[in-house]
Amino acid sequence: MNSLSVYLTVAAVLFSLGLFGVLMRRNLIGMLISIELMLNGANLNFMAFNRFLAPEPAVGQIVALFVMGIAAAEAAIGLSIILALFRRLRSINVERAQRMRG
Amino acid sequence: MSGSFVIDSLAHAVFWVVVGFVFAGAALAVFPRNIVYNVLGLILCLTGVAALFLYLGSFFLALMQLLIYVGAICIAIVFAIMLSRPLHLEVPKRRMPKVAAGIGAAAIFFAAVTAVSWKTAWKPAAERGADWTITTIGHLLLTRYALVFEVISLVLLVAIIGAIVTTGFSRRLSS
(Lines give C-alpha, C1' and ligand atoms only; values in the text may rest on other atoms or scores of the structure.)
Protein backbone atom coordinates (compact mmCIF):
# COMPACT_ATOMS: atom_id res chain seq x y z
CA MET A 1 0.00 0.00 0.00
CA ASN A 2 2.55 2.55 1.09
CA SER A 3 4.91 2.58 -1.82
CA LEU A 4 5.54 5.29 -4.34
CA SER A 5 5.06 3.04 -7.37
CA VAL A 6 1.47 2.15 -6.47
CA TYR A 7 0.46 5.81 -6.39
CA LEU A 8 2.37 6.53 -9.60
CA THR A 9 0.59 3.65 -11.35
CA VAL A 10 -2.83 4.86 -10.19
CA ALA A 11 -2.00 8.34 -11.45
CA ALA A 12 -0.79 6.93 -14.78
CA VAL A 13 -4.05 5.00 -15.19
CA LEU A 14 -6.05 8.19 -14.51
CA PHE A 15 -3.97 10.17 -17.00
CA SER A 16 -4.21 7.50 -19.71
CA LEU A 17 -7.98 7.21 -19.35
CA GLY A 18 -8.21 11.01 -19.62
CA LEU A 19 -6.00 10.98 -22.71
CA PHE A 20 -8.17 8.31 -24.30
CA GLY A 21 -11.27 10.35 -23.52
CA VAL A 22 -9.83 13.52 -25.04
CA LEU A 23 -8.91 11.61 -28.19
CA MET A 24 -12.20 9.74 -28.53
CA ARG A 25 -15.05 11.92 -27.30
CA ARG A 26 -16.76 14.36 -29.63
CA ASN A 27 -18.99 15.82 -26.94
CA LEU A 28 -17.18 18.97 -25.72
CA ILE A 29 -18.33 18.52 -22.12
CA GLY A 30 -17.05 14.93 -22.24
CA MET A 31 -13.66 16.23 -23.36
CA LEU A 32 -13.65 18.73 -20.48
CA ILE A 33 -14.38 15.88 -18.02
CA SER A 34 -11.46 13.90 -19.46
CA ILE A 35 -9.15 16.90 -19.04
CA GLU A 36 -10.17 17.07 -15.36
CA LEU A 37 -9.18 13.40 -15.05
CA MET A 38 -5.74 14.15 -16.50
CA LEU A 39 -5.23 17.08 -14.13
CA ASN A 40 -6.12 14.82 -11.21
CA GLY A 41 -3.55 12.26 -12.30
CA ALA A 42 -0.88 14.97 -12.32
CA ASN A 43 -2.03 16.20 -8.91
CA LEU A 44 -1.80 12.69 -7.48
CA ASN A 45 1.77 12.46 -8.78
CA PHE A 46 2.70 15.72 -7.08
CA MET A 47 1.26 14.55 -3.78
CA ALA A 48 2.94 11.11 -4.00
CA PHE A 49 6.40 12.56 -4.69
CA ASN A 50 5.77 15.08 -1.94
CA ARG A 51 4.93 12.31 0.54
CA PHE A 52 7.81 9.96 -0.28
CA LEU A 53 10.73 11.93 -1.68
CA ALA A 54 10.56 15.71 -1.32
CA PRO A 55 12.66 17.60 1.23
CA GLU A 56 9.91 20.03 2.20
CA PRO A 57 6.43 18.48 2.58
CA ALA A 58 4.61 21.80 2.29
CA VAL A 59 5.77 22.64 -1.23
CA GLY A 60 4.03 19.76 -3.00
CA GLN A 61 0.74 20.62 -1.31
CA ILE A 62 1.09 24.24 -2.45
CA VAL A 63 1.74 23.14 -6.05
CA ALA A 64 -1.33 20.86 -5.92
CA LEU A 65 -3.38 23.84 -4.67
CA PHE A 66 -2.18 25.93 -7.61
CA VAL A 67 -3.15 23.16 -10.02
CA MET A 68 -6.65 23.13 -8.50
CA GLY A 69 -6.96 26.90 -8.94
CA ILE A 70 -5.90 26.72 -12.59
CA ALA A 71 -8.34 23.83 -13.13
CA ALA A 72 -11.18 25.93 -11.74
CA ALA A 73 -10.33 28.82 -14.07
CA GLU A 74 -10.06 26.44 -17.02
CA ALA A 75 -13.44 24.86 -16.27
CA ALA A 76 -15.14 28.27 -16.02
CA ILE A 77 -13.70 29.52 -19.33
CA GLY A 78 -14.26 26.19 -21.09
CA LEU A 79 -17.88 25.87 -20.00
CA SER A 80 -18.68 29.46 -21.04
CA ILE A 81 -17.12 28.86 -24.47
CA ILE A 82 -19.14 25.62 -24.77
CA LEU A 83 -22.35 27.51 -23.93
CA ALA A 84 -21.57 30.23 -26.50
CA LEU A 85 -20.85 27.58 -29.12
CA PHE A 86 -24.08 25.77 -28.29
CA ARG A 87 -26.12 28.95 -28.72
CA ARG A 88 -24.52 29.53 -32.11
CA LEU A 89 -24.59 25.97 -33.50
CA ARG A 90 -27.38 24.27 -31.50
CA SER A 91 -24.94 21.41 -30.91
CA ILE A 92 -21.83 20.71 -28.87
CA ASN A 93 -20.33 18.19 -31.22
CA VAL A 94 -16.75 19.25 -31.95
CA GLU A 95 -16.95 18.26 -35.58
CA ARG A 96 -19.71 20.81 -36.17
CA ALA A 97 -17.42 23.69 -35.21
CA GLN A 98 -15.60 23.97 -38.51
CA ARG A 99 -16.41 27.44 -39.80
CA MET A 100 -12.73 28.43 -39.83
CA ARG A 101 -11.69 25.31 -41.71
CA GLY A 102 -9.68 26.24 -44.81
CA MET B 1 0.21 -5.83 19.09
CA SER B 2 -2.59 -7.78 17.41
CA GLY B 3 -4.85 -4.75 17.59
CA SER B 4 -2.45 -2.64 15.56
CA PHE B 5 -2.10 -5.49 13.07
CA VAL B 6 -5.87 -5.60 12.61
CA ILE B 7 -5.99 -1.84 12.08
CA ASP B 8 -3.14 -2.02 9.56
CA SER B 9 -4.75 -4.76 7.50
CA LEU B 10 -8.06 -2.86 7.64
CA ALA B 11 -6.29 0.25 6.32
CA HIS B 12 -4.80 -1.87 3.51
CA ALA B 13 -8.20 -3.25 2.54
CA VAL B 14 -9.81 0.19 2.59
CA PHE B 15 -6.96 1.53 0.45
CA TRP B 16 -7.59 -1.03 -2.30
CA VAL B 17 -11.34 -0.42 -2.11
CA VAL B 18 -10.65 3.30 -2.62
CA VAL B 19 -8.39 2.55 -5.59
CA GLY B 20 -11.19 0.43 -7.05
CA PHE B 21 -13.62 3.35 -6.62
CA VAL B 22 -11.16 5.67 -8.39
CA PHE B 23 -10.79 3.29 -11.34
CA ALA B 24 -14.53 2.63 -11.56
CA GLY B 25 -15.25 6.35 -11.48
CA ALA B 26 -12.65 7.10 -14.14
CA ALA B 27 -14.01 4.37 -16.43
CA LEU B 28 -17.54 5.65 -15.84
CA ALA B 29 -16.37 9.17 -16.67
CA VAL B 30 -14.87 8.18 -20.02
CA PHE B 31 -16.77 5.26 -21.55
CA PRO B 32 -20.59 5.72 -21.32
CA ARG B 33 -22.17 7.85 -24.02
CA ASN B 34 -24.71 9.48 -21.70
CA ILE B 35 -23.11 12.67 -20.37
CA VAL B 36 -24.88 12.52 -16.98
CA TYR B 37 -23.22 9.18 -16.22
CA ASN B 38 -19.89 10.81 -17.10
CA VAL B 39 -20.40 13.56 -14.52
CA LEU B 40 -21.46 11.07 -11.83
CA GLY B 41 -18.37 8.96 -12.59
CA LEU B 42 -16.20 12.08 -12.36
CA ILE B 43 -17.66 12.86 -8.92
CA LEU B 44 -16.95 9.30 -7.73
CA CYS B 45 -13.40 9.42 -9.07
CA LEU B 46 -12.59 12.81 -7.54
CA THR B 47 -13.95 11.73 -4.15
CA GLY B 48 -11.70 8.66 -4.34
CA VAL B 49 -8.71 10.85 -5.15
CA ALA B 50 -9.55 12.96 -2.08
CA ALA B 51 -9.42 9.77 0.01
CA LEU B 52 -6.03 8.95 -1.55
CA PHE B 53 -4.84 12.41 -0.44
CA LEU B 54 -5.87 11.41 3.08
CA TYR B 55 -3.68 8.31 2.74
CA LEU B 56 -0.85 10.55 1.54
CA GLY B 57 -1.09 12.48 4.79
CA SER B 58 -2.71 15.73 3.74
CA PHE B 59 -6.11 16.37 5.30
CA PHE B 60 -6.11 19.94 4.00
CA LEU B 61 -5.65 18.93 0.35
CA ALA B 62 -8.39 16.29 0.67
CA LEU B 63 -10.80 18.97 1.91
CA MET B 64 -9.75 21.34 -0.87
CA GLN B 65 -10.26 18.58 -3.44
CA LEU B 66 -13.80 17.98 -2.21
CA LEU B 67 -14.54 21.70 -2.04
CA ILE B 68 -13.09 22.83 -5.37
CA TYR B 69 -13.48 19.82 -7.65
CA VAL B 70 -16.59 18.06 -6.38
CA GLY B 71 -18.29 21.16 -5.01
CA ALA B 72 -17.51 23.70 -7.70
CA ILE B 73 -16.31 22.19 -10.98
CA CYS B 74 -18.71 19.23 -11.10
CA ILE B 75 -21.67 21.44 -10.23
CA ALA B 76 -20.62 23.90 -12.95
CA ILE B 77 -20.50 21.03 -15.45
CA VAL B 78 -23.98 19.92 -14.36
CA PHE B 79 -25.26 23.47 -14.93
CA ALA B 80 -23.66 23.53 -18.39
CA ILE B 81 -25.37 20.23 -19.22
CA MET B 82 -28.74 21.62 -18.12
CA LEU B 83 -28.26 24.77 -20.19
CA SER B 84 -27.05 23.08 -23.36
CA ARG B 85 -29.20 19.91 -23.51
CA PRO B 86 -26.52 17.68 -25.01
CA LEU B 87 -28.37 14.51 -23.94
CA HIS B 88 -29.83 13.71 -27.33
CA LEU B 89 -26.69 14.14 -29.35
CA GLU B 90 -26.90 12.67 -32.80
CA VAL B 91 -23.34 11.34 -32.70
CA PRO B 92 -22.64 8.31 -34.89
CA LYS B 93 -20.27 5.63 -33.65
CA ARG B 94 -16.57 6.08 -34.18
CA ARG B 95 -15.01 3.96 -36.90
CA MET B 96 -12.98 1.01 -35.67
CA PRO B 97 -9.51 2.20 -36.89
CA LYS B 98 -9.90 5.48 -35.00
CA VAL B 99 -10.91 3.67 -31.80
CA ALA B 100 -7.93 1.34 -32.19
CA ALA B 101 -5.60 4.30 -32.75
CA GLY B 102 -6.91 6.05 -29.63
CA ILE B 103 -6.56 2.92 -27.51
CA GLY B 104 -3.06 2.41 -28.91
CA ALA B 105 -1.96 5.97 -28.11
CA ALA B 106 -3.27 5.79 -24.54
CA ALA B 107 -1.74 2.32 -24.04
CA ILE B 108 1.68 3.43 -25.33
CA PHE B 109 1.63 6.43 -23.00
CA PHE B 110 0.59 4.28 -20.04
CA ALA B 111 3.27 1.65 -20.75
CA ALA B 112 5.99 4.29 -21.05
CA VAL B 113 5.06 6.11 -17.85
CA THR B 114 4.67 2.96 -15.74
CA ALA B 115 7.91 1.50 -17.11
CA VAL B 116 9.77 4.66 -16.13
CA SER B 117 8.18 4.77 -12.68
CA TRP B 118 8.93 1.09 -11.93
CA LYS B 119 12.45 1.03 -13.42
CA THR B 120 13.74 4.14 -11.68
CA ALA B 121 15.35 3.74 -8.29
CA TRP B 122 13.74 6.65 -6.49
CA LYS B 123 15.90 8.11 -3.74
CA PRO B 124 14.40 10.28 -0.99
CA ALA B 125 15.97 13.64 -0.29
CA ALA B 126 18.92 13.59 2.10
CA GLU B 127 17.22 15.49 4.88
CA ARG B 128 13.44 15.61 4.91
CA GLY B 129 11.36 17.95 6.99
CA ALA B 130 8.30 16.67 8.81
CA ASP B 131 6.28 19.86 8.67
CA TRP B 132 2.86 19.07 7.19
CA THR B 133 0.80 21.69 8.97
CA ILE B 134 -1.56 24.20 7.41
CA THR B 135 0.31 26.97 9.26
CA THR B 136 3.46 26.29 7.23
CA ILE B 137 1.47 26.24 4.00
CA GLY B 138 -0.04 29.61 4.88
CA HIS B 139 3.35 31.10 5.75
CA LEU B 140 4.91 29.86 2.51
CA LEU B 141 1.94 31.12 0.46
CA LEU B 142 2.39 34.62 1.88
CA THR B 143 6.20 34.76 1.75
CA ARG B 144 8.02 32.60 -0.80
CA TYR B 145 5.07 31.96 -3.13
CA ALA B 146 3.35 35.33 -2.74
CA LEU B 147 3.88 36.27 -6.40
CA VAL B 148 2.45 32.98 -7.70
CA PHE B 149 -0.48 33.33 -5.30
CA GLU B 150 -1.33 36.80 -6.60
CA VAL B 151 -0.91 35.80 -10.24
CA ILE B 152 -3.34 32.91 -9.68
CA SER B 153 -5.82 35.30 -8.09
CA LEU B 154 -5.51 37.53 -11.16
CA VAL B 155 -6.02 34.55 -13.48
CA LEU B 156 -9.18 33.56 -11.59
CA LEU B 157 -10.52 37.14 -11.77
CA VAL B 158 -9.87 37.32 -15.52
CA ALA B 159 -11.48 33.90 -15.96
CA ILE B 160 -14.64 34.96 -14.11
CA ILE B 161 -14.98 38.21 -16.08
CA GLY B 162 -14.17 36.42 -19.33
CA ALA B 163 -16.79 33.74 -18.70
CA ILE B 164 -19.46 36.36 -18.01
CA VAL B 165 -18.52 38.39 -21.09
CA THR B 166 -18.37 35.34 -23.38
CA THR B 167 -21.79 33.98 -22.49
CA GLY B 168 -23.40 37.43 -22.31
CA PHE B 169 -22.17 38.58 -25.73
CA SER B 170 -23.14 35.34 -27.41
CA ARG B 171 -26.68 35.70 -26.08
CA ARG B 172 -26.92 39.24 -27.44
CA LEU B 173 -25.66 38.13 -30.85
CA SER B 174 -27.94 35.14 -31.28
CA SER B 175 -31.23 36.66 -30.16
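Chain naming here is simple, since letters A, B, ... match the order of the sequence lines and numbering starts at 1 in each.
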Which atoms of [X] approach chain B - backbone, side chain, both or neither, heavy atom under 4.5 Å:
X        : answer
Leu17(A) : both
Ala54(A) : backbone
Ile62(A) : side chain
Leu79(A) : side chain

Check: [Y] and [X] side chains under 4.5 Å, non-hydrogen atoms:
X        : Y         : value
Phe86(A) : Leu83(B)  : no
Val6(A)  : Trp16(B)  : yes
Leu8(A)  : Thr114(B) : no
Asn40(A) : Cys45(B)  : no
Leu53(A) : Lys123(B) : no

- For chain B, find which of Gly69(A), Ala73(A), Ala76(A) contributes the most heavy-atom pairs closer than 4.5 angstrom.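 The candidate making the most pairs under 4.5 Å is Ala73(A).
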
- Leading residue by heavy atom contact count with chain B [cutoff under 4.5 Å; candidates Ser34(A), Ser16(A), Ala71(A), Ala48(A)]: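 Highest number of heavy-atom pairs under 4.5 Å: Ser16(A).
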
Rounded distance (nearest 0.5 Å) linking atom [atom1] of [X] with atom [atom2] of [Y]:
X         : Y         : atom1 : atom2 : value
Thr167(B) : Leu83(A)  : OG1   : CG    : 7.0 Å
Tyr7(A)   : Ser117(B) : OH    : OG    : 14.5 Å
Leu42(B)  : Leu32(A)  : CG    : CG    : 9.5 Å
Ile137(B) : Gln61(A)  : CD1   : CD    : 3.5 Å

With a 3.5 Å cut-off and no angle check, do the side chains of [X] and [Y] form a donor-acceptor pair?
X        : Y         : answer
Gln65(B) : Asn43(A)  : no
Asn27(A) : Arg33(B)  : no
Thr9(A)  : Trp118(B) : yes

- Message: Tell me the closest heavy-atom pair linking Arg25(A) and Ile35(B), and the distance in Å.
- Response: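 Looking at all heavy atoms of both residues, the shortest contact is NH2-CD1, 4.3 Å.
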
- Item | Exercise: identify the closest heavy-atom pair between Thr166(B) and Ala84(A) |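 Here Thr166(B) and Ala84(A) meet closest at CG2-CB, 4.1 Å.
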
Winner by heavy-atom pair count (cut-off under 4.5 Å) against chain A, out of [options]:
options                                  : result
Val113(B), Val155(B), Ile152(B)          : Ile152(B)
Leu46(B), Ile134(B), Leu61(B)            : Leu61(B)
Val39(B), Ile160(B), Thr136(B), Val99(B) : Val99(B)
Gly57(B), Ser58(B), Ala27(B), Ser153(B)  : Ser58(B)

- Message: Could you work out, with ring pair (Phe, Tyr, Trp, His ring centres under 6.0 Å) as the rule, every residue matching Phe31(B), not counting sequence neighbours?
- Response: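 Partners of Phe31(B) by the ring pair (Phe, Tyr, Trp, His ring centres under 6.0 Å) criterion, ordered by chain and then number, come out as Phe20(A).
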
- Task: Please list, chain by chain and in numerical order, all residues satisfying ring pair (Phe, Tyr, Trp, His ring centres under 6.0 Å) with Phe109(B), sequence neighbours excluded.
- Result: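 In terms of ring pair (Phe, Tyr, Trp, His ring centres under 6.0 Å), with neighbours along the sequence ignored, Phe109(B) is linked to Phe15(A).
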
- Message: Suppose a student defines contact as a heavy atom less than 4.5 Å from any heavy atom of chain A. Which residues in residues 67-75 of chain B would they list?
- Response: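 Result: Ile68(B), Tyr69(B), Ile73(B).
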
- Message: Which atoms of Ile103(B) are under 4.5 Å from chain A, going by heavy atoms: the side chain, the backbone, both sets, or neither?
- Response: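 Both parts, backbone and side chain.
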
- Indicate yes or no for a side-chain donor-acceptor contact from Arg128(B) to the backbone of Pro57(A) under 3.5 Å, with no hydrogens or angles considered.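 Checking the backbone N and O of Pro57(A) against the side chain of Arg128(B), no donor-acceptor pair under 3.5 Å is found.
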
- Message: Does anything in residues 139-165 of chain B form a ring-ring contact (aromatic ring centres under 6.0 Å, His included)? List the pairs, not counting sequence neighbours.
- Response: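 ring-ring contact (aromatic ring centres under 6.0 Å, His included) check on residues 139-165 of chain B returns no pairs.
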
